[in-house]
Chemist: 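One structure follows; several queries about it will come next.
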Amino acid sequence: MQQITLNSHVGQDGILHLDIPVDVTNVDLTITVILQPVTDSQPENQPKGKGWPANFFEETSGCLKDTPLVIDSEGVFDDLEDFKLS
């Protein structure tokens, strides 16, 4: 007995098409199909991948184009060698 797990998509016609390569020829097989819908266990805006919320970059890219960041002179150090963290 061999178990094969596939992910597939059912189109608008409502018919599931399966093409399953097997290592045997000219034999009768008993096939059991279990249909289990794929559910997204994470809500839409929860972090995915590397921890960024879904569509984060698409929604925030260019958001400061009309309000550029300004760095005050207080945040600029002339010589970083003299600046030490305690």
Side-chain angles (χ1 to χ4, degrees):
M1 184 171 123
Q2 180 182 11
Q3 178 176 329
I4 300 173
T5 302
L6 303 171
N7 291 320
S8 190
H9 178 78
V10 177
Q12 282 191 299
D13 60 1
I15 298 174
L16 174 63
H17 299 273
L18 298 176
D19 291 319
I20 304 172
V22 292
D23 296 331
V24 295
T25 59
N26 201 27
V27 296
D28 295 326
L29 297 173
T30 299
I31 300 164
T32 303
V33 177
I34 300 173
L35 301 178
Q36 181 175 347
V38 175
T39 58
D40 188 4
S41 60
Q42 294 178 320
E44 171 120 2
N45 204 23
Q46 289 297 313
K48 295 180 181 178
K50 295 186 178 185
W52 296 102
N55 300 317
F56 174 79
F57 295 104
E58 293 81 359
E59 293 173 4
T60 59
S61 176
C63 67
L64 295 175
K65 65 183 174 189
D66 297 327
T67 311
L69 295 176
V70 176
I71 299 174
D72 295 331
S73 61
E74 295 173 7
V76 178
F77 295 95
D78 292 330
D79 189 1
L80 292 179
E81 294 290 325
D82 294 335
F83 181 75
K84 294 183 181 180
L85 296 175
S86 49

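Predicted model, so just to flag it, every value in this text is computed and none were measured. Count residues from 1 along the sequence. We use all heavy atoms of the structure for the numbers below, so side chains are in, but hydrogens, waters and symmetry mates are not.
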Chemist: Flag yes if Leu29 and Leu6 sit in one hydrophobic cluster, no otherwise; membership is Ile, Leu, Val, Met, Phe, Trp, Tyr, and two members link when side-chain heavy atoms are under 4.5 Å apart.
Modeler: yes
Chemist: Do Ile20 and Leu16 land in one hydrophobic cluster if side-chain heavy atoms of ILVMFWY residues count as linked below 4.5 Å?
Modeler: yes
Chemist: Could you state whether Ile4 and Leu35 fall into the same hydrophobic cluster, counting links through intermediate Ile, Leu, Val, Met, Phe, Trp or Tyr residues with side-chain heavy atoms under 4.5 angstrom apart?
Modeler: yes
Chemist: Compare all side-chain heavy atoms of Val22 with those of Val27 and state whether any distance is below 4.5 angstrom.
Modeler: no
